[in-house]
Amino acid sequence: MHVQDSHWPSASTVAPGTALSASPGHGRGGGPRTTPLRVDAQRNLEHVLRAAREVFGELGYGAPMEDVARRARVGVGTVYRRFPSKEVLVRRIAEEETSRLTDQARTALGQEDEPWSALSRFLRTSVASGAGRLLPPQVLRVGVADEHDHARVPQQRSQPAGAELRLVPEEGPASAGEDDAGAAQLLDVVGRLVERARGAGALRPDVSVSDVLLVIATAAPSLPDPAQQAAASARLLDILLEGLRSRPA
């Protein structure tokens, strides 16, 4: 798992199926107008997003845009026409993966009555999807919480001592708004899975939300052979799950 901190600018992401026009719009304020993408442009956008997920998943968010363009088999200019900077593309991918993990956690929470089954289902689904390799940097900031962090720490009713996950503010306006809102939703839902499993006595009392997300990131290695990668992920996750479970005194 390679994660590189980024100071993401406040520029908005490009919405699926739309393109930003450089000409002035006719709407209020004369801002840019959005128009439906042509079929070939939409196909190129899908190729770029798929390639970005693969490249960033393998090399981390520090990978250059040229690598994304090469994987998508388009010119780098095509990538920049869709995403005016690498930071905008990174944010788009990170937001999508955060949303996907949140949906997976909600599904496990809603469909599994047994607390440990819900937590392990979420972990297995998330690791199998490879989303752990694309978690945004601010979600994987681990440190010892103190009284100055309480406003940005996702609340857990049974907070263990020691390392805990916190949303660390980055410089600039990009640290607020949708980025943090999506991450906070993920931490909240995963926190409920953790609390249920801990309350049922199935989870070690010292395991926190940060530990669960680190398991997702750690158990999704990037290997050249897909079958070998799947086998390695499954084996590693089995070992990590055993480490999370509580043991009789």
Within-4.5 Å side-chain heavy-atom neighbours: Glu242 and Arg247: yes
Supply the atom-to-atom distance Ile216 CD1 to Leu240 CG, rounded to the nearest 0.5 angstrom. 11.0 Å
In Å and rounded to the nearest 0.5 Å, what is the OH to CG distance from Tyr61 to Leu135? 7.5 Å
Check whether any side-chain heavy atom of Val68 sits under 4.5 Å from a side-chain heavy atom of Arg71, and report yes or no. no
Test Leu237 against Arg124 for side chain to side chain contact (heavy atoms under 4.5 Å, CB included), laying out the working first. CA-CA 7 Å; Leu237 182 55; Arg124 292 187 186 282; 3.6 Å; yes
Least distance between heavy atoms, Ala118 atom then Arg196 atom: CB-NH1, 4.4 Å
Could you please spell out the steps behind the side chain to side chain contact (heavy atoms under 4.5 Å, CB included) verdict for Val190 and Leu119? CA-CA 8 Å; Val190 176; Leu119 180 61; 5.6 Å; no
Distance col, row Lys86:NZ vs Glu66:CD, nearest 0.5 angstrom, shows 9.5 Å
Side-chain H-bond candidate by donor/acceptor type, Arg121 with Gln104, under 3.5 Å: no
Could you pull out the closest heavy-atom pair between Val79 and Ala69, with the gap in Å? CG2-CB, 3.7 Å
Are any non-hydrogen side-chain atoms of Val189 and Gln185 less than 4.5 angstrom apart? no
Pair Arg100 + Glu97, salt bridge at N-O below 4.0 Å: yes
When rounded to the nearest 0.5 angstrom, what distance separates NE2 in His47 from CG in Asp40? 10.5 Å
Pair Arg204, Val207 - check side chain to side chain contact (heavy atoms under 4.5 Å, CB included), show working. CA-CA 6 Å; Arg204 281 172 38 183; Val207 172; 3.7 Å; yes
Val212 versus Phe122, closest heavy-atom pair with distance: CG1-CE2, 4.2 Å
For residues Pro115 and Ala200, report the shortest heavy-atom separation together with the two atoms involved. CG-CB, 3.7 Å
Do you know the tightest heavy-atom contact between Ala41 and Arg82? CB-NH2, 3.2 Å
Quick check: do Leu203 and Ser246 have side-chain heavy atoms less than 4.5 Å from each other? no
Can any side-chain N or O of Ser129 pair as donor or acceptor with the backbone N or O of Ser126 at less than 3.5 Å? yes
Report the distance from atom CD of Glu58 to atom CG of Leu134, rounding to the nearest 0.5 Å. 10.0 Å
Consider side-chain contact (heavy atoms from CB on, under 4.5 Å). Of Asp103, Ile93, Leu186, which one does Thr98 pass it with? Leu186
Dump the intermediate steps for side chain to side chain contact (heavy atoms under 4.5 Å, CB included) on Thr102 and Ser99, then the final yes or no. CA-CA 5 Å; Thr102 302; Ser99 177; 5.6 Å; no
What pairs with Asp67 under side chain to side chain donor-acceptor pair (under 3.5 Å), at least two apart in sequence or on another chain? Arg70
Non-hydrogen side-chain atoms of Arg245 and Leu241 separated by less than 4.5 Å: no
Side chains of Leu49 and Phe83 in contact at under 4.5 Å (non-hydrogen atoms): yes
Counting only N and O atoms by type, is there a donor-acceptor contact under 3.5 Å from the side chain of Tyr80 to the main-chain atoms of Met65? no
Do Arg133 and Arg53 come close enough that some side-chain heavy atom pair is under 4.5 Å? no
Determine, step by step, whether Arg50 and Glu54 satisfy the salt bridge (Lys or Arg N to Asp or Glu O under 4.0 Å) criterion, reporting the C-alpha distance in whole Å, the side-chain angles of both residues, the deciding distance to 0.1 Å, and the verdict. CA-CA 6 Å; Arg50 185 181 305 111; Glu54 293 175 358; 5.5 Å; no
Non-neighbouring partners of Asp113 that pass side chain to side chain donor-acceptor pair (under 3.5 Å), sequence neighbours left out: none
Any donor-acceptor N/O pair, Thr78 side chain to Val74 backbone, under 3.5 Å: no
Exam field: side chain Ser120 to backbone Ser117, donor-acceptor pair closer than 3.5 Å: yes
Find the distance between CZ (Arg198) and CG (Asp206) and round it off to the nearest 0.5 Å. 8.5 Å
Are the side chain of Glu114 and the backbone N or O of Trp116 linked by a donor-acceptor pair below 3.5 Å? yes
Between Arg192 and Asp188, is any pair of side-chain heavy atoms under 4.5 Å apart? yes
